[in-house]
Amino acid sequence: MTDSLPLQNETLGASTVLTVDALSVTYATPAGPSRVLRDVSLELRSGETLGIVGESGSGKTTLLSSILGLLPPQAKVTSGDVAFGARHLLQVSAAERRRLRGRSLRLIPQRAMTSLNPVKSIHKQFELFAVAAGRERLSAQELSQLLSRVGLSISASRLKRYPHEFSGGQLQRMLIAASVLLGEPSIVFADEPTSTLDTTVQAQVLDLLRRLQAETGVAVVFVSHDLGVVAQLCQRVAVMYAGEIVETADVDSLYHEPQHPYTQALLGALAGRHQRREALASIPGSVGDSIRLDTGCRFAPRCVAAMPVCHEELPRDRAAGASVVKCHLYAPRGSDG
């Protein structure tokens, strides 16, 4: 009998714009194939901001690259499906993928300085972004007005300058403008866009993303290793560990009643808890110790609640409070997992 899983999205009346179903990705390595994503499933609804969190190496960026068709040559999707509306992205041509990335699916990369061409002016690069978005031209004056919407007061003449002549915070705002405001994208994928910024600028950029998302209604997938940042921006959170989604819940439930041992450990390591004089926890071992495991729960070697079955059988998605968790702790008595 299939367990009844709780509704994970409270965006009433919103349609599903993205579905990832049992997606697996394998990397070719000198030591042999390594399955870096294992049966990942999630959905995104229109107007929603979904956070994806986990330690470095958990597979967050690989998941985004798989959806957008940006995997490196040594990576291969071995199973699963990614549906954007009626389009199955793993089956469309490379040319169609590029067109969708320019118009409907946008990426805000992690490092603005290395994502922009150092030998082209800001205006020239935005002209290329505009063409990809289906716009014939973008004058320097129009670009200046566009950038004012992300809090940048830059004259048309100054837009002839190059990326190294602007700060990291300014460049990140420019990339947000290119991703959210050029054309009418359906989904914006933000890959740790604030991780290289100082705390003050980070807060400003998060406020900007929140405002633009509310103004445009675009759906956002926000990837981060920082649970505190995700709490400020997202309505729903998917927790990744070693290439799997191990818990999904609305943001309030996840932070106040985490169900999976990994989520509990991540929250126990938040600096804010230490400031409240609670013990600052750490998780022994590393994600790298788990990524090659194909039997049982990948978190089992680091889990304080691990049972023999955790090392032997792959856990299924289970209802636990307001969450859906991949954990044997929530299997019914007498179940085989």
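Computation of the quantities below employed the complete heavy-atom set of this structure, encompassing side-chain atoms and omitting hydrogens, waters and symmetry-equivalent molecules.
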A.B. asks: Could you tell me whether a side-chain N or O of Thr49 sits under 3.5 Å from a main-chain N or O of Cys234, the two making a donor and an acceptor?
C.D. replies: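 No.
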
A.B. asks: Would the distance check show the side chain of Ser253 and the main-chain N or O of Ala249 forming a donor-acceptor pair, the cut-off being under 3.5 Å?
C.D. replies: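 A pair under 3.5 Å: no.
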
A.B. asks: Given the rule that I, L, V, M, F, W and Y join up when any side-chain heavy atoms are under 4.5 Å apart, are Val25 and Leu293 in one cluster?
C.D. replies: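 No, no single cluster joins them.
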
A.B. asks: Taking a hydrophobic cluster as the set of Ile, Leu, Val, Met, Phe, Trp and Tyr residues connected by side-chain heavy atoms closer than 4.5 Å, whether directly or through intermediates, do Val92 and Phe189 fall within one such cluster?
C.D. replies: no

A.B. asks: If you look at every heavy atom in Ala140 and Leu159, which pair is closest and at what distance?
C.D. replies: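 Scanning both residues completely, I find the closest heavy atoms to be O-CD1, 3.5 Å.
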
A.B. asks: To check you understand the geometry: which heavy-atom pair defines the closest contact between Pro301 and His311, and what is its length?
C.D. replies: N-CE1, 4.2 Å

A.B. asks: For the backbone of Leu182 and the side chain of Arg106, can you confirm whether one donor and one acceptor N or O come within less than 3.5 Å of each other?
C.D. replies: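 Yes; at least one donor-acceptor contact below 3.5 Å.
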
A.B. asks: For Phe126, enumerate each residue passing the ring-ring contact (aromatic ring centres under 6.0 Å, His included) test, keeping only those at least two apart in sequence or located in another chain.
C.D. replies: Phe129

A.B. asks: Does the side chain of Thr26 come within less than 4.5 Å of Val36's, by heavy atoms?
C.D. replies: no

A.B. asks: Just by distance, do the side chain of Gln213 and the backbone of Val218 share a donor-acceptor pair under 3.5 Å?
C.D. replies: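 Side chain of Gln213 to backbone of Val218: a pair is present.
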
A.B. asks: Give the cluster check for Tyr162 versus Leu143: same hydrophobic cluster or not, with ILVMFWY residues linked at side-chain heavy-atom distances below 4.5 Å.
C.D. replies: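 In one cluster: no.
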
A.B. asks: Does the side chain of Thr78 come under 3.5 Å of the side chain of Arg38 through a donor N or O and an acceptor N or O?
C.D. replies: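 Their side chains do not contain a donor-acceptor pair, so the 3.5 Å distance test is not met.
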
A.B. asks: Taking the side chain from Arg318 and the backbone from Val325, do they hold a donor-acceptor pair closer than 3.5 Å?
C.D. replies: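 Side chain of Arg318 to backbone of Val325, a donor-acceptor pair under 3.5 Å: no, none is there.
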
A.B. asks: Is any side-chain heavy atom of Leu23 less than 4.5 Å from a side-chain heavy atom of Asp81?
C.D. replies: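 They are not in side-chain contact.
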
A.B. asks: Report yes if some heavy atom in the side chain of Leu209 is under 4.5 Å from a heavy atom in the side chain of Val220; otherwise report no.
C.D. replies: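 No, their side chains stay 4.5 Å or more apart.
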
A.B. asks: Hey, which of Leu71, Leu89, Val82 is the one that makes side-chain contact (heavy atoms from CB on, under 4.5 Å) with Val77?
C.D. replies: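 It is Leu71, the one option of Leu71, Leu89, Val82 that forms the side-chain contact (heavy atoms from CB on, under 4.5 Å) with Val77.
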
A.B. asks: Atom CD in Gln172, atom CG in Leu152: separation rounded to 0.5 Å?
C.D. replies: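 It is 11.0 Å, given to the nearest 0.5 Å.
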
A.B. asks: Heavy atoms, side chains only, cut-off 4.5 Å: are Tyr241 and Val239 in contact?
C.D. replies: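 No, their side chains stay 4.5 Å or more apart.
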
A.B. asks: I'd like to know whether Val223 forms a side-chain contact (heavy atoms from CB on, under 4.5 Å) with Val53, so could you lay out the CA-CA distance, the side-chain angles of the two residues, the decisive distance to 0.1 Å, and finally the verdict.
C.D. replies: CA-CA 6 Å; Val223 167; Val53 299; over 6 Å; no

A.B. asks: Which atom names give the shortest non-hydrogen contact between Ala319 and Tyr330, and what distance separates them?
C.D. replies: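 Residues Ala319 and Tyr330, closest heavy atoms: O-CB, 4.4 Å.
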
A.B. asks: Using modelled atom types only, decide if a donor and an acceptor are shared between the side chain of His328 and the backbone of Glu313 within a distance under 3.5 Å.
C.D. replies: yes

A.B. asks: Could you check if a side-chain atom of Leu50 sits within less than 4.5 angstrom of a side-chain atom of Leu42, using non-hydrogen atoms only?
C.D. replies: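 They are in side-chain contact.
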
A.B. asks: May I have the step-by-step check of side-chain contact (heavy atoms from CB on, under 4.5 Å) for Leu70 and Leu107, ending in yes or no?
C.D. replies: CA-CA 11 Å; Leu70 296 172; Leu107 173 67; 4.2 Å; yes

A.B. asks: Indicate if Val205 and Met113 have the same hydrophobic cluster label, given that clusters are the connected sets of ILVMFWY residues with side-chain heavy-atom separations under 4.5 angstrom.
C.D. replies: yes

A.B. asks: Please report the interatomic distance OH(Tyr262) to CD(Glu55), rounded to the nearest 0.5 Å.
C.D. replies: 3.5 Å

A.B. asks: In plain terms, say whether Arg103 and Glu184 are close enough for a salt bridge, that is, a side-chain N and a carboxylate O under 4.0 Å apart.
C.D. replies: no

A.B. asks: Is a salt bridge present between Arg45 and Glu43, judged by a nitrogen-to-oxygen distance below 4.0 Å?
C.D. replies: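 So Arg45 pairs with Glu43 through a salt bridge.
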
A.B. asks: Side chains of Gln110 and Ser195: donor-acceptor distance under 3.5 Å anywhere?
C.D. replies: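 A pair is found: one side chain offers a donor N or O, the other an acceptor, under 3.5 Å apart.
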
A.B. asks: Can you tell me how the ring of His260 sits relative to the ring of Phe299, calling it parallel under 30°, perpendicular over 60° and tilted otherwise?
C.D. replies: tilted

A.B. asks: Between Glu142 and Arg135, does at least one N-O distance fall below 4.0 Å, as a salt bridge requires?
C.D. replies: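 Yes, Glu142 and Arg135 are salt-bridged.
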
A.B. asks: Looking at Ala177 and Leu147, what are the two nearest heavy atoms and their distance?
C.D. replies: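 That would be CB-CD2, 3.9 Å.
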
A.B. asks: Verify side-chain hydrogen bond (donor to acceptor under 3.5 Å, both in side chains) between Arg173 and Ser167, making sure each step is shown before the conclusion.
C.D. replies: CA-CA 10 Å; Arg173 285 171 180 265; Ser167 71; over 6 Å; no

A.B. asks: Report the distance from atom CD1 of Ile154 to atom CD of Gln145, rounding to the nearest 0.5 Å.
C.D. replies: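 One finds 13.5 Å between CD1 of Ile154 and CD of Gln145.
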
A.B. asks: Does a side-chain heavy-atom distance below 4.5 Å link Glu96 with Arg87?
C.D. replies: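 Yes. Closest side-chain heavy atoms under 4.5 Å.
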
A.B. asks: Taking side chain as C-beta onward, heavy atoms only, is Glu312 less than 4.5 Å from Cys310?
C.D. replies: no

A.B. asks: Using a 3.5 Å distance criterion without hydrogens, assess whether the side chain of His225 forms a donor-acceptor pair with backbone atoms of Glu192.
C.D. replies: no

A.B. asks: Where do Arg35 and Ser24 land on the side-chain contact (heavy atoms from CB on, under 4.5 Å) test, with the steps shown first?
C.D. replies: CA-CA 7 Å; Arg35 186 153 59 157; Ser24 294; 3.9 Å; yes

A.B. asks: Nearest 0.5 angstrom please: Ile108 CD1 to Leu64 CG, how far?
C.D. replies: 11.0 Å

A.B. asks: Begin from the C-alpha positions of Glu244 and Arg298 and carry the test side-chain contact (heavy atoms from CB on, under 4.5 Å) through to its verdict.
C.D. replies: CA-CA 8 Å; Glu244 298 181 319; Arg298 284 183 165 178; 4.1 Å; yes

A.B. asks: State, yes or no, whether a side-chain contact exists between Met174 and Val150 at a heavy-atom distance under 4.5 Å.
C.D. replies: no

A.B. asks: Ser144 side chain to Gln141 main-chain N or O, any donor-acceptor pair under 3.5 Å?
C.D. replies: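 Judged by distance alone, no pair lies under 3.5 Å.
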
A.B. asks: In this structure, are over 12 heavy atoms from other groups packed under 6.0 Å from Arg292 atom CZ?
C.D. replies: yes

A.B. asks: Working to the nearest 0.5 Å, report the span between CD of Gln264 and CG of Leu266.
C.D. replies: 10.5 Å

A.B. asks: Indicate yes or no for a side-chain donor-acceptor contact from Arg210 to the backbone of Gln232 under 3.5 Å, with no hydrogens or angles considered.
C.D. replies: yes

A.B. asks: Working to the nearest 0.5 Å, report the span between CG of Leu267 and NE2 of His256.
C.D. replies: 10.0 Å

A.B. asks: Quick test of your reading of the model: are Asp250 and Arg236 salt-bridged, counting only N-O distances below 4.0 Å?
C.D. replies: no

A.B. asks: Where do Leu37 and Met240 come nearest, in terms of heavy atoms and distance?
C.D. replies: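 Closest approach of Leu37 to Met240, heavy atoms only: CD2-CE, 3.8 Å.
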
A.B. asks: To check you understand the geometry: which heavy-atom pair defines the closest contact between Ser66 and Leu90, and what is its length?
C.D. replies: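 What the structure gives for the nearest pair is O-CD2, 4.2 Å.
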
A.B. asks: Using modelled atom types and a 3.5 Å cut-off, is there a donor and acceptor pairing between side-chain atoms of Gln259 and backbone atoms of Glu257?
C.D. replies: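 Looks like yes, one N/O pair under 3.5 Å.
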
